[in-house]
Structure formats: structure tokens, C-alpha cells
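First listed ligand is number 1; within each ligand, the first listed atom is number 1. Sequence positions, counted from 1, serve as the residue numbers for this chain. For clarity, every value in this text was computed on a predicted model and none was experimentally measured.
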Amino acid sequence: MEKYLVKPESKLSLRKHNCSDTGIFLGNKAKCRKATAALRDELVGLQDVLYAQHKYKVLVVLQAMDTGGKDGAVKGVFEGLNPLGVHAISFKAPTPVELEHDYLWRIHSQVPASGEMVIFNRSHYEDVLVVRVKNLVPAEVSDKRFGHIRDFERMLSDNGTVIFKFFLHIDADEQKKRLQARLEDKDKHWKFNIGDLADRKLWDDFQAAYEEAIERTSTVEAPWYVVPSNKKWYRDYVIAKVMVDRLKALKMTYPENKDDLSKVVIQ
Ligand code: AMP
Ligand code: MG
């Protein structure tokens, strides 16, 4: 999955990333789905030991253009994990109370505790994406945020948080198809947001903002992955594979019981 990793200090051109890439599966959806199912089983095991060991914390950041598949990825990758140790949170436009605080306030209060896995559906990155594209705060104010974010994530990492950041990359044609599908299916109307059409007009500005944000915040401790996401099944595979590989490398173990259980007799 190295080819999707944005190396720290490297330049990123999203245009050069093929959103329809299907990697080793060469378009074979059934084979890919099978591989993802096996990875999900592994992830279930890894999360079980994460929860039991209570040593690490896992934070997953999902960012994408509208219809990019953040909700779908949450279902497709994290289905079957133990709800005791996992939760997902969606960050919307900040409330008046949130706006009275610094922009990381609402984020920091949701980061995972020991043993937990938390999935951010949108995140503090909105504060350097939509905020910069739409000039919601002066550029000289938002420009400082890249440094804040790097420092914030390094602090989380120093405190045992394993951070995954995924940009689910679709192209404009794919977004058009997905918006059209939402329009044509009454059961999907609740997902259709007229405001998304205004954002779509700003496609190039958003892509440029993503490039800058990803370049400036992909670090060794909190790297970004650009996930080809036109094919939902490959998107899920890439996320699951990156996570399983990294979590396995932690070599997490179940804690020992301090009592001598060999003498215990249950009456
Ligand atoms: P959705 O994820 O489709 O429900 O939409 C949530 C909306 O909230 C998106 O349009 C985001 O751009 C917006 N949003 C999330 N965080 C922020 C933020 N920090 N500042 C401004 N808008 C935000
Ligand atoms: Mg939206």
C-alpha cells in the first residue's frame, strides 16, 4: 500500500492519482471483496486485543469530497468490530458554542482513550479545507493551522495514539454519477444536499486545498494515504489493508492476569 502513502515532505499531485485504480485485483471485484472480508476478520481480532491490552489508542481520519464514500467506508471496513471499543463521529459545520472555542477543542474532546478506536467522519482537516476554500477565516489565521495540526497529532502519537488518515479520492465524473444516483432514488434524497452543488463548482479549489493540506500534514507519525475510491470495493480493501498491516506491526498482546490462576478451582 506504499504507493498510496504520501511521504512526509513530498509534493502531491492528485491529478496524477488514478481514482479508478484497482491494484492487484485488476478490476476483479469478487476477488477483492473476498480479500477485504478476510482483512475485516483480522481487524476484528486486532481490535479485540487493542481493547483488552489498553495500551494503544487508534484514530482513523476519513476525508473526502462530497459523495466520496466516507459513510460507506465506515460500514464497509469497520462492520463487525466490538461496539464497546469503537465509535464513529461525524463533524458537521461548527455550532455557535464550538465557534466560541479554538477549532481543535471539539476535536480533542473526541479522540480515543486507551484501548479505543475512533473514526472521524470529517475532522479538524475541515478547518484547513472548506474553511480555506471559502475564506471562512482570514488566510493568515488558517495558514498557522498546519503547524498546530502537526503538533497536535504528534502529541497524540506521543501519548500512544496510532493515527491513520485517509483521503478517499474520487474524480469529478464519479461524483456526478453519485449525485445523480442520489437524485434518482427517493430513499437517498436525505443524503442530497443542495449545498453540495455549490461545493462541486469549487472542485478545483477543493482539490488544491486537499493537496496543500495533505502535503503539509503528512508526517511519519500521522501519514496520509490517498485512497483510489471510484471503486468502493477497492477503497474498502485499501483502508483495511493499511490498518491491518500497521496494527499487526504493533505486536499487541493480551494482558497477563496478575493472580495465579493455575490454582483456581471454580466451585
Ligand atoms: P455532511 O458530512 O455531508 O453531513 O456535511 C457536513 C458539512 O459540514 C460539510 O459541508 C462540511 O464542509 C461542513 N463542515 C464540517 N466541519 C466544518 C468546519 N470546521 N467548518 C466549516 N464547515 C465544516
Ligand atoms: Mg456536504
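The Arg106 neighbourhood of ligand 1 comprises atoms 16 (N), 17 (C), 18 (C), 19 (N), with distances under 4.0 Å to a heavy atom of that residue. Heavy-atom proximity to Phe91, at under 4.0 Å, picks out these atoms of ligand 1: 15 (C). For ligand 1, the atoms sitting less than 4.0 Å from at least one non-hydrogen atom of Pro94 are 17 (C), 18 (C), 19 (N), 20 (N), 21 (C), numbered in the order shown with element in parentheses.
Nearest to atom 10 (O) of ligand 1 by heavy atom, out of Asp199, Val133, Val137, Ile107, is Asp199. The option with the heavy atom closest to atom 3 (O) of ligand 1, from among Glu98, Arg122, His124, Met65, is Arg122.
The closest side-chain donor-acceptor pair between Asp260 and Ser262 falls under 3.5 angstrom. When only modelled atom types and interatomic distance are considered, His169 and Tyr210 share no side-chain donor-acceptor pair under 3.5 Å.
For NZ of Lys231, the number of neighbouring non-hydrogen atoms (other residues, nucleotides, ligands) closer than 6.0 Å is 12 at most.
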In residues 81-97, what donor-acceptor pairs under 3.5 Å come from side-chain atoms, sequence neighbours left out?
unit_1, atom_1, unit_2, atom_2, d
Asn82, OD1, Leu84, N, 2.9
Thr95, OG1, Glu98, N, 3.1

Let me check something: any side-chain donor-acceptor pairs from residues 34-41 under 3.5 Å, sequence neighbours excluded? List them with distances.
unit_1, atom_1, unit_2, atom_2, d
Thr36, OG1, Cys32, O, 3.0
Arg40, NH1, Gly76, O, 2.6

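A donor-acceptor contact shorter than 3.5 Å links the side chain of Gln63 to the backbone of Ser123.
Tyr103 and Trp105 are not part of a single hydrophobic cluster, where members link through side-chain heavy atoms under 4.5 Å apart.
Contacts with ligand 1 closer than 4.0 Å are made by side-chain heavy atoms of Val131 only, the backbone lying farther away.
Between Val130 and ligand 1, no N or O atom pair is found at a separation short of 3.5 Å. Considering both main-chain and side-chain atoms, Ser123 never comes within under 3.5 Å of ligand 1 through any nitrogen or oxygen pair.
Within the structure, ligand 1 has Asp127 among the residues with a heavy atom less than 4.0 angstrom away.
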